[in-house]
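Below, chain A is the first sequence line, B the second, and so on; all start at residue 1.
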Amino acid sequence: MPELPEVETIRAGIADYIVGRKVVDLVVRNSQLRVPISDELRTEFPGQILNAVDRRAKYLLFRTNTGTMLLHLGMSGSLRLLREIVPPGIHDHLDINFDGEITIRFNDPRRFGKILWITGDPLQQLPLCNLGPEPLDSEFTGNYLYQRSRGRRIAIKSLIMDQRIVSGIGNIYATEALFRAGIHPIRAVGSIDEGRYQQLIIAIRQVLTEAIAKGGTTLRDFHHADGQAGYFQFALQIYGRAGKDCPNCGHLIKEERHGQRNSFYCTHCQT
DNA sequence: ATGCGGACCTGTTAGC
DNA sequence: TGCTAACAGGTCCGCA
């Protein structure tokens, strides 16, 4: 479910409430995620003071003096901030209880999420050390994408969704950015020149920045930590709009499945 | 090495 | 109306 803007929205919605607080205890109701919740996390995280909640790609980093809890929400994971006792529901797999009666509750129906305890610098080890640059950082440039695409044949959409190339972009924002840049989603990466990569970088930055400002995209079940929905779904120009008119040129928007994921594109303005 | 397809799960929706 | 199949904001592994 969540891509960079959704993860950032969740981060911003919880950090001020929990940074500086002590982790009182963890309540694990179901440890069977993609990677089972470790005993190490259960023993090491409680008792620590939370120094910061950071984001890297689609991961949240809950930093303490002795280690970092890394959290990936997968397709269907979400966090809720609770300030009173709320009975747990189905798929509420983990509660993190802080002093001051504040709880962060992790819910994940499909259990594709991942929760790890990392000691040492989390950015220097797996899984974070293999991630590509943040798309909003200055090192992510048209020239970088151009260089990384030479000699390769994959579709451009696959390239920008590859977390080792650039991190944080998923199916919705890849689709939207390619539309804004006028590039067909299955265009071979080796056939795109550097100028168009520069346009793509601009499009990616714009889409992500606007989505963060609007609190992410709520198509189905994404919600902020306080339960509110995002607003960027109203600004989607191409995703989910098969059969409708292109907002640029009025031609038909098509939907096709490429590599297990749905793509939407305008046959006229995306080449 | 690169690129594809399938697997991991459950809930919801489209289509017969 | 009710059943079944397909699909969903994401990785991750194994095979050609």
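Rounded to a whole Å, the CE atom of A/Met161 is 11 Å from the P atom of C/dA8. To the nearest angstrom, C1' of C/dA8 lies 13 Å from CG of A/Asp108. We find that CG of A/Leu116 is positioned 13 Å from P of C/dT11, with the value rounded to whole Å. If you measure from atom NZ of A/Lys58 to atom P of C/dC12, you get 10 Å, rounded to the nearest angstrom. Atoms CD (A/Gln163) and P (C/dG10) sit 8 Å apart, rounded to a whole Å. We find that CG of A/Asp162 is positioned 13 Å from C1' of B/dC4, with the value rounded to whole Å. Spacing between atom NE2 of A/His258 and atom C1' of B/dG3 amounts to 16 Å, rounded to whole angstrom units. For the pair A/Glu255 CD and C/dA6 P, the computed distance is 15 Å after rounding to whole Å.
Taking only side-chain nitrogens and oxygens, A/His72 never comes nearer than 4.0 Å to OP1 or OP2 of C/dG10. Checking the phosphate oxygens (OP1, OP2) of C/dT11, no side-chain nitrogen or oxygen of A/Lys114 falls inside 4.0 Å. The side chain of A/Asn262 places no N or O atom within less than 4.0 Å of a non-bridging phosphate oxygen (OP1 or OP2) of C/dC7. When the side-chain nitrogen and oxygen atoms of A/Gln260 are compared with OP1 and OP2 of B/dC4, none of them lie within a distance under 4.0 Å.
A salt bridge is defined here as a Lys NZ or Arg NE, NH1 or NH2 lying under 4.0 Å from an Asp or Glu carboxylate O, and A/Glu134 with A/Arg56 meets this definition. A salt bridge between A/Asp54 and A/Arg63 is present, with a side-chain N of the basic residue lying under 4.0 Å from a carboxylate O of the acidic one.
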Which side-chain N or O atoms in residues 119-127 of chain A pair as donor and acceptor under 3.5 Å with protein atoms at least two apart or in another chain?
unit_1	atom_1	unit_2	atom_2	d
A/Asp121	OD1	A/Leu123	N	2.9
A/Gln125	NE2	A/Thr119	O	2.8
A/Gln125	NE2	A/Asp121	O	3.1

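Judged by distance alone with a 3.5 Å cut-off, no donor-acceptor contact links the side chain of A/Glu3 to the base of C/dG10. Within 3.5 Å, no donor on the side chain of A/Arg153 pairs with an acceptor on the base of B/dT2, nor the reverse.
Closest approach of A/Val166 to A/Pro133, counting heavy atoms only: CG2-O, 3.5 Å. Considering every non-hydrogen atom in both A/Pro2 and A/Leu73, the closest pair reads CG-CB, 3.5 Å.
Annotation: of the two residues near DNA chain B, A/Arg152 and A/Arg34, the 5′-most nearest-nucleotide partner is A/Arg152.
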Nucleotide by nucleotide, 5' to 3', does protein get under 4.0 Å of the base (B), only the sugar-phosphate (S), or neither (-) in nucleotides 9-16 of chain B, counting heavy atoms?
BBS-----

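How far CG of A/Asn143 is from CD of A/Gln198: 7.5 Å, rounded to the nearest 0.5 Å. Once rounded to the nearest 0.5 Å, the distance linking NE2 of A/His184 with SG of A/Cys269 reads 11.0 Å. Summarising the geometry, atom OH belonging to A/Tyr144 is positioned 8.0 Å from atom CD belonging to A/Glu139; distances are rounded to the nearest 0.5 Å.
Nucleic acid contact for A/Ile154: sugar-phosphate only, since backbone atoms but no base atoms lie under 4.0 Å from a heavy atom of the residue. Using a 4.0 Å heavy-atom cutoff across all strands shown, A/Arg257 reaches sugar-phosphate atoms only and no base atom. Within 4.0 Å of A/Gly259, counting heavy atoms only, lies no atom of the nucleic acid at all.
If you take atom P in B/dC9 and the same atom in C/dG14, they sit 15 Å apart, rounded to whole Å. If you take atom C1' in B/dG6 and the same atom in C/dA6, they sit 16 Å apart, rounded to whole Å.
Residues A/Tyr173 and A/Thr217 have side chains that bring a donor and an acceptor to within less than 3.5 angstrom of each other.
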Pairs under 3.5 Å (Watson-Crick or G-U), crossing ones as [ ], inter-strand ones as |: DNA chain C comes out as .|||||||.|||||||

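The neighbour count for A/Arg29 CZ, taken as heavy atoms of other residues, nucleotides or ligands under 6.0 Å away, is above 12.
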